[in-house]
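Whatever order the structure lists them in is the order used to number ligands and atoms, beginning at 1.
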Amino acid sequence: MEAIIRPGKDSAALLVAQIIAKELRANPSLVLGLATGHTMEEVYGLLVKMHKEQGLDFSLCRTFNLDEYVGLSPDDPRSYRYYMNRHLFGLVNIDRRNTNLPDGLAGDLDEECHKYEEKITRSGGIDLQILGIGKAGHIGFNEPLSALRSRTRVKALSPITIEQNAAQFGSADNVPRRAITMGVGTILECRHCILLATGDSKANVVAKAVEGPITSMISATALQLHPRCTVVVDEDAAGKFQASEYYRWIFENEPEWEEFR
Ligand code: F6R
């Protein structure tokens, strides 16, 4: 795992967008794993800008989102499909047939989860997975006690997550109680994971994810098992790290990061 500390939330989002753009240019048929949430909005804004100003090409790219609420239709403005159309898919030259999210309205949800896993496998697996982190330490909707080898499945949302997402639904009472999410095991199979966290409200949980013991209570800690995981944070989210100076040293000295410094 590498932890990269950028001065602010804009430069953190820019680094993530630059990494995505670099991988997409190197492999136009990239299989990209996507996340929703506030943190990602700026990353998608930058990718749209790169598409418009530098011709960043999404025409062959295939995408798989981490999760979707159970019970929301794709045209519900609170659904993650709607979010993706609004922030990325509707603004770049991606073929919508190549974009995948779990179907939260599927009649048989277990079958839908199984089919989602199969589709990821048929696509050759996810090359680059973008992740946010919830205040309860979730990646995707892998709430506390999610098995570290879990696969795509229906998961009940924790009270912390319901509270975190209440604003989009008017109140906590309106937040769906369940979501379909890729499992921790599914995420660990992606070839490269990038987790982006910004703001001091994420400082505690991101320090636990990077430096704490691996535990199913904080599913993001499982990323310590991943052979290629990059955690990008701003100074605020880095506030509780024990070893920030070491992370800064790595970023300044690793040849891999030279073009991004
Ligand atoms: C959303 C997702 C979640 C979010 C996380 C952070 O698809 O997978 O894990 O990434 O809850 O959300 P924000 O960025 O709104 O704090």
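Near Thr39, with a cut-off below 4.0 Å to any heavy atom, the atoms of ligand 1 are 13 (P), 14 (O), 16 (O). Within ligand 1, the atoms closer than 4.0 Å to a non-hydrogen atom of Gly37 are 14 (O), 15 (O), numbered from 1 in the order shown. Interface atoms of ligand 1 facing Gly132, defined by a heavy-atom separation under 4.0 Å, are 10 (O). Against a heavy-atom cut-off of under 4.0 Å, Leu66 is close to the following atoms of ligand 1: 8 (O).
Side chain of Asp95 to main chain of Ser59: no donor-acceptor pair is present (N/O by atom type, distance under 3.5 Å, no hydrogens or angles). At distances below 3.5 Å, not a single donor-acceptor pair connects side-chain atoms of Ser79 with backbone N or O atoms of Asp75. Not a single donor-acceptor pair under 3.5 Å links the side chain of Glu252 to the backbone N or O of Arg261. With hydrogens and angles ignored, the 3.5 Å screen pairs no side-chain donor or acceptor of Gln168 with any backbone N or O of Arg78.
With a 4.0 Å cut-off on non-hydrogen atoms, Ile133 touches ligand 1 through its backbone and not its side chain. Of the heavy atoms in Lys202, only side-chain atoms (C-beta onward) come closer than 4.0 Å to ligand 1. Only side-chain heavy atoms of Asp67 come within less than 4.0 Å of ligand 1; its backbone N, CA, C and O stay farther off.
Within the 4.0 Å heavy-atom cutoff, Lys135 does not count among the residues contacting ligand 1.
Atom 5 (C) of ligand 1 has as its closest protein heavy atom His138 NE2, 3.5 Å. Among all protein heavy atoms, the one lying closest to atom 9 (O) of ligand 1 is Gly140 O, 2.8 Å. At the top of the distance list for atom 1 (C) of ligand 1, counting protein heavy atoms only, stands Thr36 OG1, 3.1 Å. Ranking protein heavy atoms by distance to atom 12 (O) of ligand 1, first place goes to Gln164 NE2, 3.4 Å. Of the protein's non-hydrogen atoms, the one nearest atom 15 (O) of ligand 1 is His38 N, 2.9 Å.
Between atom CZ of residue Arg178 and atom CD of residue Glu68 there is a gap of 13.5 Å, rounded to the nearest 0.5 Å. Distance check, rounded to the nearest 0.5 Å: CG of Asn65 to OG1 of Thr181 gives 10.5 Å.
Checked options Tyr82, Phe141, Tyr83; the residue passing with Tyr69 is Phe141 (criterion: ring pair (Phe, Tyr, Trp, His ring centres under 6.0 Å)).
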Stepwise side chain to side chain donor-acceptor pair (under 3.5 Å) test for Arg81 and Thr99: CA-CA 9 Å; Arg81 164 60 81 176; Thr99 66; 2.9 Å; yes
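Aromatic rings of Phe241 and Tyr246 (six-membered ring for Trp) have centroids beyond the 6.0 Å cut-off, not under it.
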